[in-house]
Amino acid sequence: MIYNKVSWKNSQQQYGLLSKLLHWLSALTVFSLFALGFWMVELNYSSKWYQLAPHWHESVGILLLMVTIFRLLWRRIAGSPGAITSHSTFEKKASASMIFILYITLFTVLISGYLISSANDKAIAVFDWFNVIPWVLGIKNQEDITGVIHYYVAYGIIVFALLHALAALKHHFIDQDVTLKRMTKIKDE
Amino acid sequence: MKKILLASALLTSSVLTPALAADYVIDTEGAHASINFAASHLGFSVLAGRFNDFSGNFSYDKDNVSASKIKVIVDTSSFDSNHAKRDKHVRSDDFLDVSEYAQATFTSSKVEDKGDGKLAIIGSFTMHGVTQPLTIDAVKVGEGDDPWGGYRAGFSGTATIAMADFGFKKDFGKVDLTLHIEGIRQ
């Protein structure tokens, strides 16, 4: 029986709608945050964006951290589709490793960013919506150490995300399999 | 010029060890000393802060003030303006570049007795790899036995530096330095 319906949950073959939304929202947000961060650190003190841009960067970053925690919970609840059978053993291992690396780097960059903003030991405002309590580690110059981690891992995540995207495109255009489709198609088949 | 600098450096270091005047170590352990800075914030107000970690020693004899010497070494990574993100920025290579230049030092070369407890401490200040002449206008606050069997002498001093003189990438003008130094006689 063939029927088309929108499925929120993941199946063995497909990512559900919620997982897809979370995936693409994260992708968009990660690249936007990277661009915003890249731009804002070079702003002149007299720029009108000097205070606003970091405030937005922090606010969106903390929201993404929350979304990513939910995303991992959802992944546990909804499960994830199995590996695609036409993939080689290497591809299966590589894609599983890449997902793992992307989650690790994503959490590292988000948490290190949160720790930079926490170093003042003052509540962090997420837009004008709510405040987040700071996380003070009690180490000297927390903002410097976490700043270095945040900087390099941010570049790392962009590199890994691009590799991940290239692999998906390779499957779509060269292998012509369903790898990319199961993350893009809104309706199940 | 280099020879003079070298000679004066040798002279100061040699005078610092064997002293005619009494030698003091700055009481950073008891935190009876502080190095503070103040800079203008856009002309609206004064932004103040401090360097939390430094060390130093001086020699001083009230009967021979002009023979006094002082050396202070500041840990630049201890810059603290009570705002972590600003501190991070000031420690970055836009300003202090503390990973490259971990220390700032002041070494006196000459002390003038201005009378009335006032001194002009002339020396060189090295920060961000740049050495500039600097004069600290100081005043003796007090000297004598402390209640715990030691002997202390304390001074306050002020000096003004310009960020532009030290090759920072960003320049926010002048910085007023205020030092409160208490030493324990060795």
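Because only heavy atoms are used, hydrogens play no part in the values below, and waters and symmetry mates are left out as well, while side chains stay in. A, B, ... follow the sequence lines: proteins, then strands. Residue 1 opens every chain.
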(message) Please classify the contact between B:Ser77 and chain A as side chain, backbone, both or neither, with a heavy-atom cut-off of under 4.5 Å.
(response) both

(message) Does B:Leu42, at its CG atom, have more than 12 non-hydrogen atoms belonging to other residues, nucleotides or ligands within less than 6.0 Å?
(response) yes

(message) As a quick check of understanding, evaluate side-chain contact (heavy atoms from CB on, under 4.5 Å) for A:Lys140 and B:Asp53, giving each step before the final call.
(response) CA-CA 12 Å; A:Lys140 197 187 166 198; B:Asp53 299 327; 3.3 Å; yes

(request) Using a cut-off of 6.0 Å, state whether more than 12 heavy atoms not belonging to A:Phe38 lie near its atom CZ. (result) no

(request) Against chain A, label B:Phe172 side chain, backbone, both or neither, depending on which of its atoms sit under 4.5 Å from a heavy atom there. (result) side chain

(message) In the structure I gave you, are the side-chain heavy atoms of B:Lys85 and A:Glu58 within less than 4.5 Å of one another anywhere?
(response) yes

(message) Applying the side-chain contact (heavy atoms from CB on, under 4.5 Å) criterion to B:Lys88, which one of A:Ile145, A:Asn141, A:Asp144 satisfies it?
(response) A:Asp144

(message) Can you confirm whether B:Asn82 is buried at CG, in the sense that more than 12 heavy atoms of other residues, nucleotides or ligands lie under 6.0 Å from that atom?
(response) no

(message) Nearest 0.5 Å, please: how far is NE2 in B:His89 from OH in A:Tyr45?
(response) 10.0 Å

(message) Ignoring hydrogens, what is the shortest heavy-atom contact between A:Glu143 and B:Asp87? Give both atom names and the distance.
(response) OE2-CB, 3.9 Å

(request) Mark yes when over 12 heavy atoms from residues, nucleotides or ligands other than A:Lys122 sit less than 6.0 Å from its NZ; otherwise mark no. (result) yes

(request) Could you tell me whether A:Tyr155 atom OH has more than 12 heavy atoms of other residues or ligands within 6.0 Å of it? (result) yes

(request) For atom CD of B:Glu112, decide whether the heavy atoms of other residues, nucleotides or ligands shown that lie under 6.0 angstrom number more than 12. (result) yes

